[in-house]
Amino acid sequence: MGIFHGGRWTVLCCVFALTSAATPRKILQNRFSVDYQPFEGPWNDDFDWNVIKEVLHKAPGNAVISPLSVKALLALLYEGSASKSVTERELLQALSGGNEQAVSKLQNDLLQYKQQQRNLLITDRVYHDVSVTIRQKYHSIIEAQYSAITEAIDFQDNLSAAAKINEWIAQNTRGSIQNIIKPDMLQDVLLMLINTVYFKGSWAISFPPNATVDRPFYFGRTSARNQFAATRAAPFMKQRERIFYYKHSDQLNAQFLRLPYDTNRLSMIVVLPDEQLSLSQLLTRLTPQAVHQALADMTEEEVEIELPRFSITYSSSMRECLHQLGIARVFSDEAELPLISRGRSSPLKVSTILQKSCILVDEQGTEASAATEGTLVFTILKQPIKFIANRPFLFLIYDEGKGNWLFAGKVEDPQA
């Protein structure tokens, strides 16, 4: 981020870390899938999918973002916006499609996530310069409705301020994200809103480590003939003779595979475009409705899975993306955020929204669940479905109970 002159601006920063690993334990071998109940709505994810498509389309190579993290920051801004203002209207549209009840659901979901304090850790903090007086009402609202904390800091001492903020971010992402704030970012900053999301997931059905083998991953598809330009060997995790929820979407020409985590009704949804379809083409045709339908239509199938291990670190400014999605006023000199602070001669505005994220996905996880009493034993007579992710694919971390997209990303090259 560049250095800003001529004004004292607001900076927002959302950072998140995601891992799928744990100490391996003895795996109970059984064929059965983990119970699945797709979210029945009402959905409020149009904004999420607009962000996902905008960021992943433009990001070169691998990328991972958290739509929930972005919405958490926008919600804090929404609470500080002037009633009936353009700023409030733009933020409300993004958060809820204009439905204030959806904002209440987001508040409740965020509070519940924060109360879990287990494998999903979400935190918010509003850092303000010592010269800024935060309105007591704003402080009370974000503390009660978002469990967010305000803290005074001397931004003029940018070295000390950056070190303090980075220490807080590292603590709340278990050390996964380091040094996102540089001292020169803090010049002319009055207010910094930060959201962190940390998730460490353990597979409900672990991948056997001794089954992992190297095999080619095809990447760098050329537009002329829609063929891959290169291959690279990558370690592929494997599953055999197990039941997973799966759906091939004829509408999207893509396979949907559910890989459940062991708690909280969270799962990874891997979306693999058919061989004739590029990842970019899939992103273009994705709609929330098509994804909802694919999730609702998933059925239990025996699936042979080959999925590469991957690790991604990604950082980006969200300002351009949000501007493209209709959130412009809050970045301008006309930003209307009077409910955040008082006694100011010039209005606050947002400089940018920063993201830095990392994800690690590998074989490890907790032991598979024991067979449930009363489970019917059956045999699948047809050949197993093959889910071979040897070309670019999407992945989504999905809360099946609340209908929230915690993370979304793409793997263009697992060895990059």
Side-chain angles (χ1 to χ4, degrees), residues 43 45-67 70 215-232 234 236 244-259 267-298 301 303 305-308 310 312 314 316 318 320-326 355 357 359 361 385-398 405 407-416:
W43 287 90
D45 63 346
D46 285 353
F47 174 77
D48 304 64
W49 281 102
N50 286 335
V51 169
I52 291 168
K53 294 174 69 171
E54 181 74 16
V55 171
L56 298 189
H57 254 307
K58 294 182 177 179
N62 302 332
V64 57
I65 60 171
S66 172
V70 177
R215 63 164 296 158
F217 187 91
Y218 299 85
F219 65 99
R221 190 190 292 265
T222 60
S223 57
R225 295 184 178 181
N226 206 26
Q227 295 178 339
F228 293 103
T231 63
R232 182 180 302 180
F236 275 72
F244 290 89
Y245 278 87
Y246 167 91
K247 171 65 180 177
H248 181 272
S249 171
D250 294 332
Q251 180 181 357
L252 295 173
N253 291 117
Q255 296 174 279
F256 282 70
L257 175 68
R258 173 184 179 255
L259 299 175
S267 64
M268 175 180 283
I269 306 296
V270 185
V271 186
L272 179 66
D274 293 346
E275 290 188 5
Q276 72 274 15
L277 193 72
S278 71
L279 188 56
S280 178
Q281 289 170 323
L282 174 62
L283 283 167
T284 299
R285 63 173 61 184
L286 274 177
T287 65
Q289 294 73 27
V291 174
H292 302 166
Q293 192 63 54
L295 295 177
D297 291 345
M298 280 185 163
E301 304 283 355
V303 186
I305 303 171
E306 294 189 15
L307 181 71
F310 60 91
I312 300 173
Y314 176 73
S316 175
M318 295 293 294
E320 180 182 350
C321 168
L322 294 176
H323 197 279
Q324 291 293 322
L325 300 181
Q355 287 196 355
S357 54
I359 175 173
V361 175
I385 291 169
K386 294 185 182 297
F387 190 96
I388 313 298
N390 62 354
R391 53 191 182 275
F393 60 88
L394 302 178
F395 63 89
L396 308 154
I397 307 298
Y398 165 48
W405 301 105
F407 299 91
K410 63 173 180 173
V411 177
E412 297 271 7
D413 179 358
Q415 293 296 92

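Scored by the salt bridge (charged side-chain N to carboxylate O under 4.0 Å, His left out) test, R258 finds E400 as partners (sequence neighbours excluded).
Taking the six-membered ring for Trp and thresholds of 30 and 60 degrees, F393 and F310 have ring planes more than 60 degrees apart, a perpendicular arrangement.
Minimum interatomic distance between P216 and N390 (heavy atoms only, all atoms of both residues): O-CB, 3.7 Å. Of all non-hydrogen atoms in V55 and C321, the two that sit nearest each other are CG2-SG, 3.8 Å. Here the closest heavy-atom approach between residue N62 and residue A416 is recorded as ND2-CB, 3.8 Å. The two residues F217 and A389 come nearest to each other via the heavy atoms CE1-O, 3.4 Å. Considering all non-hydrogen atoms of both residues, P392 and L272 come closest at O-CD1, 4.2 Å. Here the closest non-hydrogen pair linking V64 and Y314 is O-CD2, 3.4 Å.
With contacts defined as side-chain heavy-atom distances shorter than 4.5 Å, the pair L396/M268 does not qualify. D250 is listed as a side-chain neighbour of H248, based on a closest heavy-atom distance under 4.5 Å. Looking at V271 and I269, their side chains come closer than 4.5 Å, going by heavy atoms from C-beta outward. Between F47 and V70, some side-chain heavy-atom pair lies under the 4.5 Å cut-off. Residues K410 and L279 form a side-chain contact, since some pair of their non-hydrogen atoms from C-beta on lies under 4.5 Å apart. The side-chain heavy atoms of R285 and L277, taken from C-beta on, include a pair separated by under 4.5 Å. Looking at F407 and Y398, their side chains never come closer than 4.5 Å, going by heavy atoms from C-beta outward.
A distance of 8.5 Å separates CG of L283 from CH2 of W49, quoted to the nearest 0.5 Å. Summarising the geometry, atom CE belonging to M318 is positioned 4.5 Å from atom CD belonging to Q355; distances are rounded to the nearest 0.5 Å. Atom CG of L286 is separated from atom CD1 of I52 by 8.5 Å, given to the nearest 0.5 angstrom. In this structure, E320 CD and H323 NE2 are separated by 9.5 Å, a value rounded to the nearest 0.5 Å. Rounded to the nearest 0.5 angstrom, W405 CH2 and D45 CG are separated by 7.0 Å. A distance of 6.5 Å separates CG of L252 from OG1 of T287, quoted to the nearest 0.5 Å.
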Item to check | Stepwise side chain to side chain donor-acceptor pair (under 3.5 Å) test for S278 and Q281 | outcome: CA-CA 5 Å; S278 71; Q281 289 170 323; 3.3 Å; yes
Next on the checklist: Show, in sequence, the C-alpha distance, side-chain angles and deciding distance for D297 and Q293, and conclude whether the side chain to side chain donor-acceptor pair (under 3.5 Å) test is met.
Outcome noted: CA-CA 6 Å; D297 291 345; Q293 192 63 54; 3.1 Å; yes
Checklist entry - Step by step, would you call L257 with I305 a side chain to side chain contact (heavy atoms under 4.5 Å, CB included)? => result CA-CA 9 Å; L257 175 68; I305 303 171; 3.6 Å; yes
Next on the checklist: Checking V411 against F219 for the side chain to side chain contact (heavy atoms under 4.5 Å, CB included) test, could you report, in this order, the C-alpha distance in whole Å, the side-chain angles of both residues, the deciding distance, and whether it holds?
Outcome noted: CA-CA 10 Å; V411 177; F219 65 99; over 6 Å; no
Item to check | Check against side chain to side chain contact (heavy atoms under 4.5 Å, CB included), F256 and L394 | outcome: CA-CA 10 Å; F256 282 70; L394 302 178; over 6 Å; no
Item to check | Stepwise side chain to side chain contact (heavy atoms under 4.5 Å, CB included) check, F387 with Q255 | outcome: CA-CA 8 Å; F387 190 96; Q255 296 174 279; 3.6 Å; yes
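At distances below 3.5 Å, not a single donor-acceptor pair connects side-chain atoms of H57 with backbone N or O atoms of K53. Looking at D274, its side chain never comes within 3.5 Å of a backbone N or O of Q276 through a donor-acceptor pair. In this structure a side-chain-to-backbone donor-acceptor pair under 3.5 Å is missing from S357 to I65.
Salt bridge status for K247 with E301: absent, with no side-chain N to carboxylate O gap under 4.0 Å.
In this structure, R215 forms a cation-pi arrangement with F236, its terminal cationic atom sitting closer than 6.0 Å to the ring centre and no more than 45° off the ring axis.
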